[in-house]
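Below, chain A is the first sequence line, B the second, and so on; all start at residue 1.
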Number of protein chains: 2
Amino acid sequence: MTEKYIFVTHSEENYLKVIYHLSSASPKGVNTNAIAAMMDTKASSVTDMIKKLAEKEMVLYQKYQGVSLTEQGLLAAKMIVRKHRLWEVFLVEKLDFSWDEVHDVAEELEHIKSEKLINKLDAFLNFPSEDPHGDPIPNQYGEIQKTDKQLLSEATVGKNYICVGVKDSSSAFLQYLNKQKIALGTPMKILEKETFDQTLLVEIEGEDKVLSHKIASNLYIN
Amino acid sequence: MTEKYIFVTHSEENYLKVIYHLSSASPKGVNTNAIAAMMDTKASSVTDMIKKLAEKEMVLYQKYQGVSLTEQGLLAAKMIVRKHRLWEVFLVEKLDFSWDEVHDVAEELEHIKSEKLINKLDAFLNFPSEDPHGDPIPNQYGEIQKTDKQLLSEATVGKNYICVGVKDSSSAFLQYLNKQKIALGTPMKILEKETFDQTLLVEIEGEDKVLSHKIASNLYIN
DNA sequence: TTTATTTTTTAGTCTAATCTAAAAATATTT
DNA sequence: AAATATTTTTAGATTAGACTAAAAAATAAA
Ligand SMILES: [Mn+2]
Ligand SMILES: [Mn+2]
Ligand SMILES: [Mn+2]
Ligand SMILES: [Mn+2]
């Protein structure tokens, strides 16, 4: 059961993470093109890299049939996600970064290779279960605590909810939310839903606000 | 005066740092071989890299005449040292790392590219002036506070001193110091110096200890 | 001041990670 | 079921950073 240690490069880690994120949407096999789009690279580069990852037994790969993570690859991917999200918590909680500023720095920090560092950081942050965008943080064994949440676009008119996460965590979207005074924990009541374009009228902190379907389908509530 | 931003790679940063550290010993020009030894690489690789750094105006380079940092290169090098040392402080002060465990992780963390991150970290740590090995931390403008200290090997017999730093910060040496209960701030009195091999007899925390010349010439005192 | 030694540079090769262009396989329409 | 379109893979090229071996320059010794 003692697994041999396989070195994974910075670039390989990025591929693993992207395959992991795409896996939930297409569990039987992730497409080359989908990976290429997500990584902002070309399909031919993806094919090359997939072969390398298959060689290292991080993914299962059949030509033309898409790619999926092995148990080993899944754990590696979860550890990168764990690091990314823990660093995001650190940046917000300890260094006073705002939630729209942390992603790019975390993209770099997630590649620092030290298990001790990340476990000590976890403890220093008091073992947070979620990152600043409401995404769950895997523990050191890769276990993820499932929380139930739904998209605001699926909410019931008349009910009260609390904002618990964002689907899109681009700084553009987050800055829009800042402007609208929407943050994690913000309570909101759904007043109306326009049948024509699904625009919502929502009461937030005493104010009535109009939120487009695009916005509503990127906000998680509970 | 607005300098154009020049991207410096991970590898280039390591070279700049090494050239910086070697510059104090040979201010007129650092040798190719010295860099190669420090970087654990070959002289031919160093020549290639020096050309690239000269292209980017980070170093001055004349064939066969050694290399020196430009103003720009000096500032870049100091910023890497700043990051390295601030991260070391973070690891020791906040994450409970021991001083012999921080160097390798800091070698990775020093390459994270975010001025905001490093200045926020500096503030979070209360603007420390020294790292866990007693080395000064450059401020955000690259200014370094000079402290006067001397090597234990140059100490006067009969006098009292305090340990203020290490010249060699390898974990092997630091672990030796741990074993001898020598840390930054430890007081010591020089009892005797053997003329034959310069071995010292030193009183530390009530105990008499024998320190070889090699040890003494890697410990800074004040 | 020649000769020998050491240092540094050049020339050519290698690998990782990318790209473009073209071929092959798969999927979608008629 | 053919024809067409899309996706994926291959082939070949490029760049950064490293290497070895050999040539050139600088330094030290005789
Ligand atoms: Mn993120
Ligand atoms: Mn996040
Ligand atoms: Mn260090
Ligand atoms: Mn240090």
| Under 4.0 Å between a side-chain N/O of Tyr61(B) and OP1 or OP2 of dT9(C), yes or no? | yes
| request: Using distance alone, with no hydrogens and no angle criterion, decide if Asn178(A) and Trp99(A) have a side-chain donor and acceptor under 3.5 Å apart. | output: yes
| query | Is the distance from OP1 or OP2 of dT10(D) to the nearest side-chain N or O of Lys51(A) less than 4.0 Å? | reply | yes
| Do Tyr161(B) and Tyr220(B) make the cut of ring centroids closer than 6.0 angstrom? | no
| message | Please compare Ile50(B) and Tyr15(A) by the position of their nearest nucleotide in DNA chain C and report the one closer to 5'. | response | Ile50(B)
| Nucleotide dG17(D), atom P - distance to CG of Asp40(B) in whole Å | 18 Å
| request: Tell me whether the OP1 or OP2 atom of dT20(C) has a side-chain N or O from Ser44(A) closer than 4.0 Å. | output: no
| Quick one: on DNA chain C, does Tyr64(A) or Thr47(B) contact a more 5' nucleotide (nearest heavy atom)? | Thr47(B)
| How would you label the contact of Asp48(A) with the nucleic acid (heavy atoms, under 4.0 Å): base, sugar-phosphate, or nothing? | base
| query | Can a side chain N or O of Lys52(A) be found less than 4.0 Å away from OP1 or OP2 on dA16(C)? | reply | no
| remark: Atom CD of Gln65(A) and atom C1' of dT26(C) are separated, to the nearest Å, by 8 Å
| message | For the residue pair Lys94(B) and Phe124(A), would you count it as a cation-pi contact if the rule is NZ or CZ under 6.0 angstrom from the ring centre and within 45 degrees of the ring axis? | response | no
| For the side chain of Ser11(B), counting heavy atoms from C-beta on, which of dA17(C), dT26(C), dG17(D) is nearest? | dG17(D)
| task | Examine dA18(D): is either OP1 or OP2 under 4.0 Å from a nitrogen or oxygen in the side chain of Lys42(B)? Give yes or no. | result | no
| query | For dA17(C), does either OP1 or OP2 sit under 4.0 Å from a side-chain N or O belonging to Ser45(A)? | reply | no
| Does Lys63(A) make a side-chain N or O approach to OP1 or OP2 of dT10(D) shorter than 4.0 Å? | yes
| Given dT6(C), is OP1 or OP2 found less than 4.0 Å from the side-chain N or O atoms of Asn33(B)? | no
| Within the pair Asn31(B) and dT8(C), is there a side-chain N or O less than 4.0 Å away from OP1 or OP2? | yes
